[in-house]
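Computed from heavy atoms alone, side chains included, the values below leave out hydrogens, waters and symmetry copies. Lettering follows sequence order; numbering is per chain, from 1.
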Amino acid sequence: MPEKQIAKFSVTHLQVLDEKGKVDAALEPDLGQEQAVEMYRWMRLARTLDERMLKLQRQGRLGTFPPCTGHEAVSIPVGLAMKKGDWFAGAFRELGTRLVRGEPLTNTLHYYNGWEEGNILPDADLRILPTSVVIGCQIEHAAGLAYAAKYRGTDEAVVTFIGDGGTSEGSFHEGLNFAAVWKAPMVAIVQNNQWAISIPRETQTASETLAQKGIAYGIPVIQVDGNDPLAVWVAVNEALDRARAGDGPTLIEAVTYRLMMHTTADDPTKYRQSADEEAAWAKEPLIRTRKWLANKGWWDDAREEKLLAECKEQVDAAVEEFETPVERAHDESFRHVYGTEHAVIREQHEDFLANQEREGQRG
Amino acid sequence: MPEKQIAKFSVTHLQVLDEKGKVDAALEPDLGQEQAVEMYRWMRLARTLDERMLKLQRQGRLGTFPPCTGHEAVSIPVGLAMKKGDWFAGAFRELGTRLVRGEPLTNTLHYYNGWEEGNILPDADLRILPTSVVIGCQIEHAAGLAYAAKYRGTDEAVVTFIGDGGTSEGSFHEGLNFAAVWKAPMVAIVQNNQWAISIPRETQTASETLAQKGIAYGIPVIQVDGNDPLAVWVAVNEALDRARAGDGPTLIEAVTYRLMMHTTADDPTKYRQSADEEAAWAKEPLIRTRKWLANKGWWDDAREEKLLAECKEQVDAAVEEFETPVERAHDESFRHVYGTEHAVIREQHEDFLANQEREGQRG
Amino acid sequence: MAKLNMVQAINLALAQEMEKDADVLVLGQDVAVDGGVFRVTDGLLEKFGDQRVVDTPLAESGIIGSSIGMAMAGLKPVCEMQFSGFSYLMMGQFEAHATRMRSRTHGQITLPMVIRMPFGGGVRALEHHSESREVLFAHLPGAKVVIPSGPRNARALLVAAIRDPDPVVFMEPKHSYRAFREEVPDAEETLPVGKCQVVQEGTDLTVISWGAMMRPALKAAAEIEKRRGTSVEIIDVQTIAPLDAHTIAESVRKTGRCVIVQEAPRSYGASGEIVAQINDRALMHLEAPVKRLTGYDVVTPYFGREKSYLPNAERVVAGMEETLDF
Amino acid sequence: MAKLNMVQAINLALAQEMEKDADVLVLGQDVAVDGGVFRVTDGLLEKFGDQRVVDTPLAESGIIGSSIGMAMAGLKPVCEMQFSGFSYLMMGQFEAHATRMRSRTHGQITLPMVIRMPFGGGVRALEHHSESREVLFAHLPGAKVVIPSGPRNARALLVAAIRDPDPVVFMEPKHSYRAFREEVPDAEETLPVGKCQVVQEGTDLTVISWGAMMRPALKAAAEIEKRRGTSVEIIDVQTIAPLDAHTIAESVRKTGRCVIVQEAPRSYGASGEIVAQINDRALMHLEAPVKRLTGYDVVTPYFGREKSYLPNAERVVAGMEETLDF
Ligand SMILES: Cc1ncc(C[n+]2csc(CCOP(=O)(O)OP(=O)(O)O)c2C)c(N)n1
Ligand SMILES: Cc1ncc(C[n+]2csc(CCOP(=O)(O)OP(=O)(O)O)c2C)c(N)n1
Ligand SMILES: [Mg+2]
Ligand SMILES: [Mg+2]
C-alpha cells in the first residue's frame, strides 16, 4: 500500500426547520403538540428572563451577566431531551437548559448578583453543576461523571456545553479524548455563536467546522443549525441514545449567533458590525419556532399573548422573590473551606466575626 | 440544505520503501547516491550511539535515558530535510535529528548524565532547543518560533516532534491550533511508536489514526510509514515547502515502533509481548534502507563494515571526550537564575560556597 | 506630563516601548480589535498593526507557550492573561520553561517576555475574577513578579519589565485600574525590578504592602499618624520576587515594629516570607510581633460577601494600634 | 505486622481501602498494567479489575478534571500524577474546582478525592523529576496537602486522606520510597489530616520538617544531642495545609529555639509561613531567630550537581549549633 486512503470522514449539517418556519417533513421529529408547545414555552420563558435580567443589570439591580438571547434553540431542546438522573455540566450561556432541568429562576438571579446561594439546588438530584467560569474545565468533569455512570452500570448520560472559543482550550481536547477512550456516555455540545468576546470564529481556529474537531477523538460528529430546535432535538436525541447504548460520546456543533453583548460589561460595537447582528436577528430561533407551531395549527396570537403574560408573571415572581431582603450570614465562607473547620480557620473565623462586629457598630 | 455533507476529509498513508527493501518507483524521491548514503550513515551513527548509551547506562556510566533505536527513519530524514536557520523543537526521542542538525554527540551524553552542559550548543545558531521533558510544551514553543519567523519575513521553518502519548496533552491541541490560525511555518511530527511507557496506542485515543487529529485544526495531514525513510523524506519535504510558501503547518504521523524499553528505568515485559516486539524488529528501518541502497548498487558488505567501524570510532571518541574528567563549578545554578544576580541570591550563593568549602574540607 | 489612571499609564508604557523597539509585541485574548477587556491595549492595533498586536485563540497555555517560542527567537512578547484567575492553566509552561530556560542552557537561551495579568478583588466581579495568588509565581526560582500600586509606578515598572532580560509576571491590581490618577511624565521613566520602594520615611513603625492594598495601608498610616503622632515608614514592595529583603530588614531594624498588609489568603502568602526575612535579619530589633493583616484562608466569596473579606484601612489601623501598644 | 518500605506501605493502604469501599478507584498514567512507574499500584489491577484501576491517556488536567467529575458522582478517586513536575499542568482544574466546589455550593457538592504524586530530589532523575513545590498547592484555600515521611505514617495518612471528605494532595517523597523499612501493622491505622506529629519530645530546641527532610533532621538531632546533650523536640509536619500552627507554637514556646528543614527553595516556601506563625504566636519566647535550612532559590540543577543543593544533616547540625549558640 504505497499511497492509500486509510480513513475518510465527513461532517453533516442538519437543518429541519428553516428560517422561514418551513419544515423538512422527512426529517421532522414526531414531537406531538404537547411537547412542541412545551418546547416553545420554555424558549419564551428563557428569553423573558434573559431580557429582564438585562434590565435589572442596567438598573443596578443585578451584577454582570452573559445574556443568552438567541441560544434558546440549543439549550431548550437539549434540556428537554435529557432524563432524570442525567448530569448537566454546562458552560455559562445555557440559561435555558438550567430552567428546563428544574433549576429555580432565582438561582440564576442570585448567582449573577454575587451569591453562592445561586448554585445550591433545591434537590441535589437535579444534577446541574454550577457554572464553570474557567472555560473548558467542565468537559473534563463531564468525562469523569460519564465514567462514573458507566462504572455503576446506570443508563445515565452526561451533557456538557462549550462555546466556539472554548474549543481552543486544552481541556476541551483532554476531556473529549478521555470520554472517547472510555466510551463514556457523554454528549458534548459546541455552542458556536461565532464570537468569543471580540474574537470571531475565524481567528479562533482555522478549521472549516467545529464539528470536525471531534474527528480527532474518533467519535461521531454532526453540525446542526443551532437556531433550529428540531435539528437540535434530533441530533441530541440520537447522541443520547448512542451514549446510553454504550457507544460513547458524540460531538454536536450547534451553529447560532450571540445576538447580544458578551456580558453586560462588553461593548460589541468595538468589534462587529450592526449589519451582521441584524442579519443574525433574522435567523433567530423563537420566530421560526412560532411559525412552525402556527403552521401546524398549534399556535396563534392569542396563545402567544397568554404565554407572554405567563412568562412575565413567572419572571416577576422570581424577581420579587430574588429581591426580597434576606439576612445572609457573611461568614459562610469559613464554614465551607473544609468538611470540618480546622483550628486555624476557626481562629480566623472568630477574627472575622470580631471585625464584623466592630465595623458594624461603627458603620 | 436540510441534511448535507458540508466537509470531507481523508487520511492518506504513504509508504515508498517496504519492509523487504522494495521501492515504489513512482513515488521514490530523487535522492541521488550521495544523499542516500549520507542518510543511511546518519541512521547508523544514531543507532550506534544509542546502543552504546545503553551499555554505558547498564555499566553505571550514564544516567537514565530513553533509547531511540527504531526511530531513525523518522528522525534522520527530518533532520536532513531541514535548512540552516530552521528551528528544531523536539520532544525527547529524536537523537537522530539532533545529530544531523549538528549537535555534538557529547551533548546527549552529558545531558543524560545530569549536566546542563548537554544543552549548550557550540553555536546558538544551530537552533536546536533543549529536550522538552514536560510532554507537549514544545508544540506551543514551535508555534511561537514559527510566528517569529513569519513576523520577520524569513523563510525559516520550525520542526517539532511529539509522541503518540503526547497527542493527548492539551498543549498539543493549543499549539497546533495557534500555528494553524497564524498560518505559521511549522511542521509537527507525531512519532507514533505505539507506546507511551506502558500505555498502548488504543488506550491513548479512540481515533483510528493520529494523523486525523490535525483535521481539528484545518491543516493538511498525512500518515507515513515511519520505518521508511523515503516516505518520511517525501512527506517532510512537502510539509516544509508548504510552510516556507506561507501555507501554514502540516501534521505528519510517522508510524513506527518503540523497539526498546521506554527508558532504561522501564521494564516492558510488564506490559507487552515479546512476540510483538519481534514482529516490530522485522520492520525496523536500517535493514530495509540498507537493502534499498544495495539494490541500487550503492552499498555492499565492505562498505557496511567500514561504516560500522567509522561509527564506532566516532562514538568511541565522543565517549572518551565525555568521560574525560573536567572540573565543573557546582555553583552554576546561582549564576543563571536571572540575567543579573539578585542580592538575595548572592547571599545564598555565598552560603552555598561556604557549605561546599566546609563539606569539602571535612569529606 | 498628564494625569493618568493606571490603565492609561500601562497603555502609555506599551505604546512607547513598541515605538522604540520593533521586537516588542502584544498578544492575548481580545487585546487587539477590542483593545483588551479593560481597554489596557486600546489603540495599539491601530498604531502598530495586527502583526504586533495579536488577538489569540482562547488558550492560556498556548499564549504563554507561544510567547516563550517568540522570546527564544529574540522577540519581546508582552502577553496578557485576561484575568489572573485563568493563569493557572499556563502554570505548566511557566514552571517548566519560562522560569527555567536560562538556567537550563546556562544563559544561552533567555526569555525576555512579560506576562501581564489583572488580579485582585473589589470590583464586584464573577467567580475567579477576584483572587490574589502572586505567591504561586513568586515561589518558583527564575520567576520575577512585579506588582505596581499606582499609575506612575505601573508605567515605570512595566517599561523596566519589558526591557528586563528575563520573564516578568506583571500583576495589575484591577481595583486600582481606574480608582485614581497620578501625574505620569511623558518622558521615559523606569523603576528597578527587584527593589522595594520606601515611599515614606519614618521611625516608629514600618508598614509593608503592595498592589491595591497600598491604598488602605497609606490611609491607615495617615490615620495613625494623626491619632497618635506615630512616624510611619511605608514600603511599597513592588517586586515580590526576587524580594528585596534588605530594604525591608533595614527599615524594621530602625522602627522595631512592622505591619504587613496583604490581600491574598494568609497561609503561605507573601507576608509569611516577609516575616521570615525579618526574623532572619532583624529579629532582635523587634519590639512586637510583626502583624499581618491579610485575606482569610477561605475560598474568595462571590461579590455579595466580598467586601467583608478584603482587608481595609480600619483593620489595618487596628493592627497598627495593636503593634504599637504591644 | 510486616517490615515494609514506603512503596509497599502505600500499596497496602490502597489495597485495603479498595477492598473496603467499592467507590474507591485508582487512575493515572501507567498505574494499571504497569503497576505505576514506581510500582506503587502494583497488583491492584489483578485484584480489582480494569474498571477500578484505570490507565489513562497522557493528560494531567484530564486526570484531575475527570477525577473531579467522578468525585462529584460520589466515587472516591485516588488519581496519580506520575511526577509532581507534571502536576502544574493541572493547576487550572485544581485551583478552579478541586479546592472550590464545596465552598461554591456551600457544601452541596463535595469532592472526596486524593491526588497522589511522587516529589522531591535525590534520586538522580531527569529534569522536572526532583522538585519540591508543596506550597503551590498549600497556598490555595480549600486544599489539603499531606506529606508522609516514612512507610508507617504514609500508610496511615493515605488511609485518612482517602476517607477525608475533601480533596487531598498526597505528596510522596520519592527519595524515601525504598530508602528504609518500618513495621507497618496489618490492621487498620490512621493518622489525622490537619495535625502535626511530635515525634520526639524535648526542651531545648524544636526541629520542624516533613517528607524526605525528616531523615537529615532526625540525624542532625541525634548528632546534636550526642555532641551537646541538647534535648531536641522533633515535629513532623505531615499536613502542610491546613497547618497545625498550634502544635508548632506550643513547642517553640517551650524550647525558645527552632530550626526548620525544608527541601524546597527558600523564598515563599512553607518554612516562611511556619516562621510567621511562630512570630504570631510565640515571638516573645524566642531566644534566637528561627533558623531555616532550605533549598536555594535556584532552578533545581540537573543531577550532576544535585547533591550539593539538597539540605543535608551536616548543614542542619551547623544550623542547630548556630541557633543554640545565638
Ligand atoms: C480559561 C478562561 N479564559 C478566559 C476567560 C474569559 N472569558 C470569559 S467568556 C470568554 C469567551 C468565551 O467564548 P465562547 O467559548 O465562544 O463562549 P460564548 O461567550 O460565546 O458563549 C472569555 C475569553 C475564561 N472565562 N476562562
Ligand atoms: C506532561 C508529562 N506527563 C508525564 C510525563 C512522564 N512521561 C515521560 S515519557 C512518557 C510517555 C511518552 O509517550 P509518547 O508521547 O508516546 O512518547 P515516546 O516515549 O513513545 O517517545 C511519560 C508518560 C512527562 N514527561 N510529561
Ligand atoms: Mg462563542
Ligand atoms: Mg510513544
Side-chain angles (χ1 to χ4, degrees), chain A residues 87 89 115-117 119-121 123-124 127 129-154 156 158 160 169-171 173-182 184 186 332-345 347, chain D residues 22-23 25 27 51-52 54-75 77 79 89-90 92-93 95-97 99-110 112-113 141-144 164-166 193-195 239 241-247 277:
Chain A
W87 289 90
W115 299 99
E116 285 85 351
E117 281 76 355
N119 291 323
I120 304 173
L121 300 171
D123 178 354
R127 297 193 164 177
L129 301 194
T131 286
S132 180
V133 172
V134 179
I135 290 174
C137 292
Q138 71 277 12
I139 307 286
E140 295 171 353
H141 302 165
L145 288 164
Y147 185 90
K150 193 179 167 181
Y151 177 78
R152 295 211 165 113
T154 67
E156 298 156 7
V158 182
T160 186
E169 286 286 356
S171 294
H173 178 73
E174 299 189 13
L176 277 172
N177 192 47
F178 273 58
V181 167
W182 289 339
M186 170 171 132
E332 283 290 352
S333 297
F334 291 96
R335 302 180 201 284
H336 305 293
V337 186
Y338 303 114
T340 4
E341 199 167 42
H342 186 264
V344 164
I345 310 280
E347 281 176 358
Chain D
D23 286 335
L25 79 174
L27 68 156
Q51 294 304 295
R52 295 185 65 193
V54 184
D55 273 329
T56 66
L58 211 175
E60 286 69 17
S61 180
I63 292 171
I64 302 302
S66 60
S67 295
I68 290 170
M70 292 175 191
M72 287 195 280
L75 298 180
C79 62
L89 293 166
M90 62 77 169
Q93 280 285 7
E95 198 274 345
H97 297 285
T99 58
R100 289 171 182 260
M101 197 57 84
R102 172 186 288 281
S103 188
R104 175 182 292 145
T105 61
H106 285 182
Q108 192 173 54
I109 306 183
T110 58
M113 60 187 278
K144 289 179 176 169
D164 197 279
D166 291 305
V193 172
K195 283 271 178 207
T239 298
L243 181 69
D244 175 9
H246 295 96
T247 298
Q277 291 286 353

Exercise. Please look at D:A71 and chain A and tell me whether the side chain, the backbone, both or neither of the residue comes under 4.5 angstrom of a heavy atom of that chain.
Key: neither
Exercise. Look up atom CD in A:E116 and atom CD in D:Q108, then write down how far apart they are to the nearest 0.5 Å.
Key: 13.0 Å
Quiz item: Between D:P242, D:A96, D:G107, D:A59, which residue shows the highest count of heavy-atom pairs closer than 4.5 Å to chain A?
Solution: D:P242
Quiz item: Is chain A contacted by the side chain of D:L89, its backbone, both, or neither, given a heavy-atom distance below 4.5 Å?
Solution: neither
Practice problem: Let me know if A:E156 has heavy atoms under 4.5 Å from chain D in its side chain, its backbone, both or neither. | Solution: neither
Exercise. Answer yes or no: is there a side-chain heavy-atom contact under 4.5 Å between D:Q51 and A:Y147?
Key: yes
Quiz item: Between A:E174, A:R127, A:H336, A:R335, which residue shows the highest count of heavy-atom pairs closer than 4.5 Å to chain D?
Solution: A:H336
Practice problem: Please flag which part of A:V181 lies under 4.5 Å from any non-hydrogen atom of chain D: side chain, backbone, both or neither. | Solution: side chain
Practice problem: For residues A:N119 and A:P130, report the shortest heavy-atom separation together with the two atoms involved. | Solution: OD1-CB, 3.6 Å
Quiz item: For D:H106, is it the side chain, the backbone, both, or neither that has a heavy atom closer than 4.5 Å to a heavy atom of chain A?
Solution: both
Self-check item: Steps toward side chain to side chain donor-acceptor pair (under 3.5 Å) verdict (A:T160, A:Q138)
Solution: CA-CA 7 Å; A:T160 186; A:Q138 71 277 12; 5.0 Å; no
Quiz item: If you count heavy-atom pairs under 4.5 Å between each of D:A73, D:S61, D:S67 and chain A, which one has the most?
Solution: D:S61
Practice problem: Would you name the heavy atoms of D:R102 and D:D166 that are closest together and state the gap between them? | Solution: NE-OD1, 2.7 Å
Exercise. Can you tell which part of D:T105 gets under 4.5 Å to a heavy atom of chain A, answering side chain, backbone, both or neither?
Key: both
Quiz item: Are any non-hydrogen side-chain atoms of D:C79 and D:I63 less than 4.5 angstrom apart?
Solution: yes
Self-check item: Most contacts with chain A, counted as non-hydrogen pairs under 4.5 angstrom, among D:G65, D:P77, D:A22
Solution: D:G65
Practice problem: Name all residues meeting the side chain to side chain contact (heavy atoms under 4.5 Å, CB included) criterion together with D:P141; count only those two or more places apart in sequence or in a different chain, and write none if there are none. | Solution: C:R133, C:P265, C:V299
Quiz prompt | Engaged part of A:L121 at the chain D interface, taking heavy atoms whose separation is under 4.5 Å | solution = both
Exercise. Return the set of residues passing salt bridge (charged side-chain N to carboxylate O under 4.0 Å, His left out) with D:R100 (not counting sequence neighbours), or none when no residue passes.
Key: C:E127, C:E131, D:E95
Quiz item: At a heavy-atom separation under 4.5 Å, does A:Y338 approach chain D through its side chain, its backbone, both, or neither?
Solution: both
Quiz item: Quick one: are D:L75 and A:R152 in side-chain contact, heavy atoms under 4.5 Å?
Solution: yes
Quiz prompt | Contact leader toward chain A among D:G142, D:P165, D:A245, D:A143, where contacts are heavy-atom pairs under 4.5 Å | solution = D:G142
Quiz item: Does any heavy atom of chain A fall under 4.5 Å from the side chain of D:I109, the backbone, both, or neither of them?
Solution: side chain
Quiz item: Do D:R52 and D:D23 sit within salt-bridge range, that is, some charged N less than 4.0 Å from a carboxylate O?
Solution: no
Quiz prompt | Part of D:S103 lying under 4.5 Å from any heavy atom of chain A | solution = both
